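Below: the structure, in structure tokens.
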Amino acid sequence: MLARSCLRSTRTLNGLRNGANNVTKRAASTSSGAANEAVPTRLNVAAAASTTLALGSMAWYYHLYGPVAFASTPAEEGLHPTKYPWVHEQWFKTYDHQALRRGFQVYQEVCASCHSLERIPYRSLVGSILTVDEAKELAEANEYPGEPNEQGDIEMRPGKLADYLPSPYKNEEAARFANNGALPPDLSLIVKARHGGCNYIFSLLTGYPEEAPAGTVVAPGMNFNPYFPGTGIAMARVLYDDLVEYEDETPASTSQMAKDVVEFLNWAAEPEMDDRKKMGMKVLVVTASLWAMSVWVKRYKWAWLKSRKLAYDPPAESKVRH
Amino acid sequence: MGLWDAFTDIVESVTPWSTVEAEAPAQEQEEAPEADSKDEEEEEEDEEEEEEEEEETVDPKEQIEEECKNAPQCASVKHHFDHCVERVQQQEEDGGAKEDCVEEFFHLAHCATDCAAPKVWARLK
């Protein structure tokens, strides 16, 4: 079969190259002389052997390299988070800024006692989460080191919009000391920093089972969370129903708070997302317009060529042979 | 069970290195033959009780996932999990669990959250 199709392809090639030879070639290839009787058999054997070799080498390769070795158990790997239909992850959707506001409230009231958000200044909250006055009021509630006075001492001053959100601990060592050796990570870029992003953090926050599955050994001071690699996490479950009271009277269920705070953390990691999507749409609009223009210009430029008419005007017959 | 599941099932059944897992039928009480390839040596059992939550606001995620765990599509994994819990508790009574149910729990949680995800999002703001 393979040999026959090969022959056919050479025949068509020949036919393309030289139409005149076509008929004779085809006649030659279809003729069955006594001398050529052995050739198809040999071809069949060669084809079968080469095919066997090819398939065999593939099988051998798969046998050697196909199965992937997983060095870790599922528990060490952690449960992969389910994909949730986040609205803000869609191409033409923005953050829900009401949700960001609720999420910031959850961060402040729940997360901020252990987790810092040190890359976010108050000024970036203005316009997307808080009003100017709210942000100023929030900043002034904290003290920051100011300029040196005439004696060279640094005095504390109330915060300004340009200051960054305060961290709960002075440094990493203090954070570890207060948390039994575990470091609560900074949350500024946590959505980008964790595999699974929003889904992972949402699953982690809401995924604490009421009790660990039977037979599980949870180290002292640790908590069981299936989504955390190794399943033993130092952070206990923090979100409980009605833990915060939303100003817009959204029912503060555990998953609602988790969803809001995750969307807020996504904003913290990617505050430029709304602008980026807007810019992307601008790019699409501009390129679409340019393309449309180029099509019209091409039509215009080629009009003379496309609309011309070629006519062959043969010279008059004459007796003179050139 | 989509087309992909059917295909991967066939591939897994003919590959010699894959794990053998017999899927239990949904309603059958008879125990399906299980061959769990877990070799984690866990000698002690230590269960930490999570705090009970207040029931003023009902968490839609918890509620829907509970429904999903009992839905027919998760019946098989739930059966495996329940069976594992039963077995491990028996082992604990006999002095020391030889395995844990983390893997079965993962499968059940994966099935339940997968089923619940769009429904939860429809309920949340």
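It should be emphasised that the depicted structure is a prediction, and the values quoted were computed from it without experimental measurement. Residue numbering restarts at 1 for every chain, and letters A, B, ... go by the order of the sequence lines.
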Verify the neighbour count for atom [atom1] of [X]: are there more than 12 heavy atoms of other residues, nucleotides or ligands below 6.0 Å?
X: A:Glu134; atom1: CD; value: yes
X: B:Asn70; atom1: CG; value: yes
X: A:Glu245; atom1: CD; value: no
X: A:His63; atom1: NE2; value: no

Non-hydrogen atoms of chain A under 4.5 Å away: do they reach the side chain of [X], the backbone, both or neither?
X: B:Gln91; value: neither
X: B:Val88; value: side chain
X: B:Phe106; value: both

Q) So, do A:Leu79 and B:Phe105 sit near enough that their side-chain heavy atoms are less than 4.5 Å apart? A) no
Q: Taking the side chain as every heavy atom from C-beta outward, state whether A:Pro213 and B:Val85 have any atom pair closer than 4.5 Å.
A: no
Q | For A:Arg276, salt bridge (Lys or Arg N to Asp or Glu O under 4.0 Å) partners two or more places apart | A | A:Glu270, A:Glu272
Q | Residues A:Asp242 and B:Thr57: side-chain donor-acceptor under 3.5 angstrom | A | yes
Q. Looking only at atom types and distance, does a side-chain atom of B:Asp59 sit under 3.5 Å from a main-chain N or O of A:Ser253, one as donor and one as acceptor?
A. no
Q: Could you tell me which non-hydrogen atom of B:Ala97 sits nearest to which non-hydrogen atom of A:Gly215, and how far apart they are?
A: CB-CA, 4.5 Å
**Q.** Contact class of A:Thr231 relative to chain B, heavy atoms under 4.5 angstrom
**A.** side chain
Q | Derivation and outcome, side chain to side chain contact (heavy atoms under 4.5 Å, CB included), residues B:Lys61 and A:Lys259 | A | CA-CA 11 Å; B:Lys61 182 168 183 278; A:Lys259 180 170 183 268; over 6 Å; no
(Q) Run B:Thr113 and A:Tyr227 through side chain to side chain contact (heavy atoms under 4.5 Å, CB included) and show every step you take. (A) CA-CA 12 Å; B:Thr113 50; A:Tyr227 297 96; 3.5 Å; yes
Q: Output the option from A:Arg102, A:Gln256, A:Gln98 having the highest count of non-hydrogen pairs under 4.5 Å with chain B.
A: A:Gln256
Q: Any chance you could lay out the side chain to side chain contact (heavy atoms under 4.5 Å, CB included) test for A:Thr216 and B:Cys101, step after step, and finish with the verdict?
A: CA-CA 7 Å; A:Thr216 323; B:Cys101 296; over 6 Å; no
(Q) Any carboxylate oxygen within less than 4.0 angstrom of a Lys/Arg side-chain nitrogen, looking at B:Lys125 and A:Asp248? (A) yes
Q: Name the orientation class of the two ring planes belonging to B:Trp121 and A:Phe202 (parallel below 30°, tilted from 30 to 60°, perpendicular beyond 60°).
A: perpendicular
